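Below is one structure; the comments refer to it alone.
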Protein chains: 2
Amino acid sequence: MQSALDLFVEHGYDQTTVADIAARAGLTERTFFRHFADKREVLFHGGQLLEDGIVEALAGVPPEVAPLAAVATAVSAVAPFFDGRKERSRMRQRVIDSHPELQEREVSKMARLSLVLAAGLRARDVGDTAARLAADAGVAVFRAAFVLWLAGEGEDMGALIGECFDELVKVVEAGR
Amino acid sequence: MQSALDLFVEHGYDQTTVADIAARAGLTERTFFRHFADKREVLFHGGQLLEDGIVEALAGVPPEVAPLAAVATAVSAVAPFFDGRKERSRMRQRVIDSHPELQEREVSKMARLSLVLAAGLRARDVGDTAARLAADAGVAVFRAAFVLWLAGEGEDMGALIGECFDELVKVVEAGR
DNA sequence: CCTCGTTATGTCAGCGACTGTCATCACTGG
DNA sequence: CCAGTGATGACAGTCGCTGACATAACGAGG
């Protein structure tokens with residue numbers, strides 16, 4: 001993963017072949033594909049931890065909490081995960097922003113997060129459509145907060161998530 | 001596009017090569033790639049019309065309308081686009097659901113829709129984060145309505161969008 | 001200390017997606 | 001009728017990705 005990120009930053013994503021990445025890591029191309037499903041995945045492998053953390057946190061929220069509030073709580077729970085990782089996140093994001101193929105994978109990961117969140121909500125007896133909407137809303141809040149976090153200086157991800165959540169509530173009530 | 005959909009339904013997405021598609025259409029593989037950026041795109045080319053319609057509708061909404069309401073109006077405007085296309089949409093959706101690569105492209109198209117919606121809102125002097133959130137919320141409503149439309153019988157897409165919008169408002173207010 | 005099963009890695013051959021390049025050919029405006 | 005433009009074909013090549021088989025590392029049990 002480190003070799004890949006280095007090469008992507010240095011020479012660009014599509015100037016870097018999988019063979020290059022493997023060689024820098026002292027491995028063969030075949031071995032690369034045993035660890036990562038495809039070339040893109042090497043940049044997204046870590047995101048699994050995030051998803052797991054959020055899902056676990058959602059499971060721990062008391063059942064009487066309203067769906068969207070539960071999702072917001074779960075998303076906030078992984079905020080510490082971002083501490084001290086801003087520089088690395090920015091490098092990674094620059095690479096992603098430079099290539100549509102990678103942006104596609106990124107939104108795909110967010111969609112997956114939405115899916116598992118919705119599943120978690122249904123397990124709490126939330127209706128199907130409500131679960132879908134609350135999950136999507138939660139992901140939207142997370143994404144908006146992440147953008148602000150990357151752009152800003154040293155701000156705490158947890159606080160930003162809270163702010164974006166409030167903003168969402170305002171936007172929805174105004175558009176009601 | 002027709003040749004591709006037929007072959008995908010008949011033999012499956014990855015059992016179908018681009019050469020197969022091109023041959024059935026009476027063309028060469030090279031020509032296929034002059035019309036579609038990649039193999040997936042042949043299933044999504046039509047979606048551009050939808051996006052254009054929504055963006056255009058958003059531009060036509062009076063500026064004093066609140067962001068989320070404007071987005072909801074714009075999304076509703078393309079509801080007639082779906083009339084009489086349910087069977088074809090279901091075939092296409094079955095193919096997409098059968099292959100992760102295609103699902104990735106689909107969410108990517110939704111993300112793109114969200115982006116252009118947010119851009120349209122910013123042109124209406126909506127703040128950056130509010131625009132992002134309202135756009136994402138609008139796309140979430142659209143997706144939820146589309147799922148209901150595909151699953152149900154003969155229901156009007158416009159009505160479903162309205163219902164999902166109401167549901168979103170309820171979910172957000174309950175989770176406030 | 002020596003197997004033996006398990007797991008990570010290497011090697012090789014091959015398919016199919018995708019691209020660059022050049023030639024051909026239909027069509028269109030003058 | 002000619003020149004220019006755009007769509008297509010032909011061909012070679014790169015690279016992402018996979019299957020199959022062989023080999024090396026490594027930990028458990030005798």
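No experiment lies behind these values; they were computed from the predicted model shown. Here is the naming used below: chain letters follow the sequence lines, and residue numbers restart at 1 for every chain.
Under the 3.5 Å distance criterion, with hydrogens and angles disregarded, a donor-acceptor pair is assigned to the side chains of A/T17 and A/D20.
What separates CZ of A/R30 from C1' of D/dA24 is a distance of 17 Å, to the nearest Å. We find that CG of A/D14 is positioned 15 Å from C1' of C/dA17, with the value rounded to whole Å. We find that CG of A/L7 is positioned 12 Å from P of D/dG16, with the value rounded to whole Å. Taking atom CG of B/D20 as the reference point, atom P of C/dG16 lies 8 Å away to the nearest angstrom. Between the CZ atom of A/F33 and the P atom of C/dC15 there is a distance of 18 Å, given to the nearest Å. Here the C1' atom of nucleotide C/dA17 and the CZ atom of B/F32 are 10 Å apart, to the nearest Å. Between the P atom of C/dC18 and the CD atom of B/E29 lies a distance of 9 Å, rounded to the nearest Å. Following rounding to the nearest Å, A/Y13 (OH) and C/dC18 (C1') show an atom-to-atom distance of 14 Å.
A salt bridge is defined here as a Lys NZ or Arg NE, NH1 or NH2 lying under 4.0 Å from an Asp or Glu carboxylate O, and A/R176 with B/E173 meets this definition. Between B/R132 and B/D128, at least one side-chain N (NZ, or NE/NH1/NH2) sits under 4.0 Å from a carboxylate O, which counts as a salt bridge. In this structure, B/K109 does not pair ionically with B/E106, as no charged nitrogen and carboxylate oxygen lie closer than 4.0 Å. Residues B/R90 and B/E153 are paired through a salt bridge, judged by an N-O separation under 4.0 Å between the basic side chain and the carboxylate.
A search for ring pair (Phe, Tyr, Trp, His ring centres under 6.0 Å) contacts involving A/F8 returns A/Y13, not counting sequence neighbours.
Listed pair B/T28 / D/dT8 fails the phosphate criterion, with no side-chain N or O lying under 4.0 Å from OP1 or OP2.
Formation of a donor-acceptor pair under 3.5 Å by the A/R124 side chain with backbone atoms of A/P62 is found in this model.
Using bins of under 30°, 30° to 60° and over 60° for the plane-to-plane angle, the ring pair B/F142/B/F146 lands in the parallel bin.
For the segment residues 99-112 of chain A, no residue has any heavy atom less than 4.0 angstrom from an atom of DNA chain C. Non-hydrogen atoms lying under 4.0 Å from DNA chain D are contributed by B/R34, B/H35, all within residues 34-44 of chain B.
A cation-pi arrangement is present between A/R85 and A/F81, with the terminal nitrogen or guanidinium carbon under 6.0 Å from the aromatic centre and inside a 45° cone about the axis.
Out of C/dA17, D/dG19, C/dG10, the shortest distance to the side chain of A/T31 is found at C/dG10.
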